[in-house]
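Input: a single structure, listed below in C-alpha cells.
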Amino acid sequence: MSFKIGNVVIKNKVLMAPMAGISNAAYMKICEEMGIGYAVTELISSEAIVRGNKKTFDMLKGLDTLNIPYAIQIFGANGEVMAKAAKILVDNFNAKVIDINMGCPVPKVAVRSQAGSGLLKDVDKVYDIVKAVVSSVLVPVTVKIRSGWDFDSINAVTVAKTVERAGARAICVHPRTRTQGYSGKADWFIIKQVKESVKIPVIGNGDIKSCYDVKRMLDETGCDAVMIGRGLLGNPWLIKNSLNYLDGKALIEVDLKERIEVMKRHLKYLVEFKGEKIAALEFRNHIAWYFKGMSFSKILKNKVYQTSNIRDIIKILNEFEEGNYEEW
C-alpha cells in the first residue's frame, strides 16, 4: 500500500488534508494514532514566515513530536518570497516536504492576495512559483490544486503538467472549482484525467465521507492515495476504518468511552502545544464535531461554550460519559 513522494516513503494510501484551524500538530497526532500515512499542515503565509512572525511560527509547534512524514503547506503569490519561506521551514523546522497551496478558495487568499486558487488563472506564474520553490530546497515539493477557477476555466490537467515540468514530486487534486467553494459535488473524473496525464503521484481529495468512498476513489480514478479533509472532523476513526476496509479487515464501532478518551488526548496535545487558553477556545469547536448527531450533543456543546477552563471541560466530558448530563 505504500508509495513515495520523492524520497519520502508514505506507508499507506490514507492521508490527512490541510484544513485551516484543524490540521495542527495536536489533531495530526490523533490522526497518527489512527494510522494515517501522511499529513499536511494548515496553510501558512510565506510572507509571514519571511518576516519572522511569531504567531505564524507558533502554528508549527509540536510538529517535531510526529512520527509520520508530513508536509508544511505554504501559500503566497510571490515566487521569490515563497522560495525563501520554504528554505526557512526546511532549515529551521526540519520540514520533510513543502506543499504549495493553489486551492484555497477564500476571498482573502484567492482574490485579494491572488494566491491559493487565484494562481490557477495564470499557468505561467504557477510554473515560476513551483520552479522557484523547488530550486530553493532539497526536500520534495508538492502542490495542491482545484479543478480550475470556475466551470469555464477547468484546467487541472494543464496545471498538473505544468507543476510536474517545474519539478513538483506529487500533486493533490480537489476537483471542485474555486467558485464552488465547498458546495456541489467533487468531480472525481478530473482526478482520473490528471492521473492519466502525469507521471508523478496523484492524490485525490474531495467528498470522502466513509471508508467506502476511499476505496471507490482509488478504484475509479487510479489515484495513488486519498486525502481526507472535512470527513475527519470529529471522526479520526474514519482513518482506521478506511485502512481496515482496504485490507479486508472488520470495521470498528466507536463507543462513548473510546470517543471521550480520544477527545481528552486531543485536548491534552492542544494544551501542550498551544497553552490552556487557546486550547480551550479551539477545542470547543471540536466538541460539536465529535458529538455531531448524538443525543444531548447540543446540550453538551452549550455547556462547554460556557467555560474556557480546561479542568471544567474535562469535568463536563466525565459527567457526560457517566450519564449525568440530564442534570445539567
Straight-line distance of S2 OG to D224 CG, nearest 0.5 Å: 11.0 Å
Side-chain donor-acceptor contact under 3.5 Å, K144 with N205: yes
For the student: nearest non-hydrogen atoms of V133 and A83, plus distance: CG2-N, 4.0 Å
Heavy-atom closest pair, residues G76 and S46: CA-OG, 3.7 Å
Nearest-0.5 Å distance that lies between atom CG in L267 and atom CD in E272: 11.5 Å
Main-chain N/O of G103 paired with R146 side-chain donor or acceptor, under 3.5 Å: yes
Distance-only side-chain donor-acceptor flag, T142 / D99, under 3.5 Å: yes
Note, K4 side chain near I10 side chain (heavy atom, < 4.5 Å): no
L317-L256 co-clustered via ILVMFWY side chain contacts under 4.5 Å: yes
Step-by-step side-chain contact (heavy atoms from CB on, under 4.5 Å) determination, F75 to S45: CA-CA 5 Å; F75 77 93; S45 166; 3.7 Å; yes
Y38/Y70 under ring pair (Phe, Tyr, Trp, His ring centres under 6.0 Å): CA gap, chis, key distance, verdict: CA-CA 5 Å; Y38 173 81; Y70 61 86; 8.5 Å; no
CG on N92 to CD1 on I49, rounded to 0.5 Å: 10.5 Å
Heavy-atom side-chain proximity of N24 to L270 below 4.5 angstrom: yes
Check: E220 side chain, W188 main-chain N or O, donor-acceptor pair, under 3.5 Å: no
Donor-acceptor pair, side chain of S147 and main chain of I154, under 3.5 angstrom: no
S210 backbone acceptor or donor facing D213 side chain under 3.5 Å: yes
same_hphob_cluster(V9, I68) at 4.5 Å side-chain heavy-atom cutoff: no
Smallest separation among heavy atoms of A95 and I72, with atom names: CB-CD1, 3.7 Å
Candidate pair L246 and V214, rule side-chain contact (heavy atoms from CB on, under 4.5 Å), full reasoning: CA-CA 8 Å; L246 292 175; V214 172; 4.1 Å; yes
F151 six-ring centre to R176 NZ/CZ under 6.0 Å and within 45° of normal: no
Side chains of Y290 and H266, donor plus acceptor under 3.5 Å: yes
Modelled atom types, side-chain donor and acceptor of D312 and T307, under 3.5 Å: yes
Side chain to side chain donor-acceptor pair (under 3.5 Å) between N318 and K264, worked out: CA-CA 10 Å; N318 288 337; K264 287 179 181 177; 2.4 Å; yes
salt_bridge(D91, K87) N-O dist < 4.0 Å: yes
Side-chain heavy atoms of V139 within contact of V97, under 4.5 Å: no
Flag side-chain contact, heavy atom, 4.5 Å: M16 against L232: yes
Row check, F273 ring normal vs K61 NZ/CZ: under 6.0 Å, within 45°: no
Heavy-atom pair of closest approach, residues M227 and P18: SD-CD, 3.8 Å
Closest approach of A280 to N309 (non-hydrogen atoms, all atoms of both residues): CB-N, 4.5 Å
Distance-only polar pair, side chains of N155 and T158, donor-acceptor under 3.5 Å: no
4.5 Å side-chain heavy-atom contact, E319 and K315: yes
Test log, rule side-chain contact (heavy atoms from CB on, under 4.5 Å), inputs I74 and L89: CA-CA 10 Å; I74 59 174; L89 292 172; 3.5 Å; yes
Same apolar cluster (I L V M F W Y, side chains within < 4.5 Å links), I208/F189: no
Test item: I203 and V226 side chains (from C-beta on) under 4.5 Å apart, heavy atoms: no
Salt-bridge criterion met for D128 and K131 (N-O under 4.0 Å): no
Heavy-atom donor-acceptor pair, R178 side chain to P105 backbone, under 3.5 Å: yes
salt_bridge(K274, E282) N-O dist < 4.0 Å: yes
I88 reachable from V90 in the ILVMFWY side-chain graph, under 4.5 Å edges: yes
Chi angles and distances behind the side-chain contact (heavy atoms from CB on, under 4.5 Å) call for K121, Q114: CA-CA 9 Å; K121 296 188 289 185; Q114 288 297 297; 3.9 Å; yes
Check: D247 and M1 side chains under 4.5 Å, non-hydrogen atoms: yes
Exercise: do N285 and Y305 side chains pair donor with acceptor under 3.5 Å: yes
Point-to-point distance, once rounded to the nearest 0.5 Å, from CE of M59 to CG of N53: 9.5 Å
Short side-chain to backbone donor-acceptor contact, E42 and G21, under 3.5 Å: yes
Worked check of salt bridge (charged side-chain N to carboxylate O under 4.0 Å, His left out) between K29 and E33: CA-CA 6 Å; K29 280 186 75 68; E33 292 169 4; 5.8 Å; no
Under-4.0 Å salt bridge between D255 and R259: no
Cluster check V173, L119: I/L/V/M/F/W/Y, side chain < 4.5 angstrom: yes
Heavy-atom donor-acceptor pair, D187 side chain to P175 backbone, under 3.5 Å: no
Atom CZ of F93: over 12 foreign heavy atoms under 6.0 Å: yes
Ring center gap for F320 and F291 short of 6.0 angstrom: yes
Distance (rounded to the nearest 0.5 Å) between E47 CD and N78 CG: 6.0 Å
Aromatic ring pairing Y212/Y245, orientation class (parallel under 30°, perpendicular over 60°, tilted between): perpendicular
Side-chain donor or acceptor of K13 paired with backbone N/O of K215 under 3.5 Å: no
Side-chain donor/acceptor of N241 to backbone N/O of L251, under 3.5 Å: no
Pairing of K192 and E196 as salt bridge, 4.0 angstrom limit: yes
M217 versus I191, closest heavy-atom pair with distance: CE-CD1, 3.7 Å
Validation row: V271, E276 side chains within 4.5 angstrom (heavy atoms): yes
Geometric cation-pi criterion R230 and W289, 6.0 Å radius, 45° cone: no
Separation of E80 CD from I129 CD1 (nearest 0.5 Å): 12.0 Å
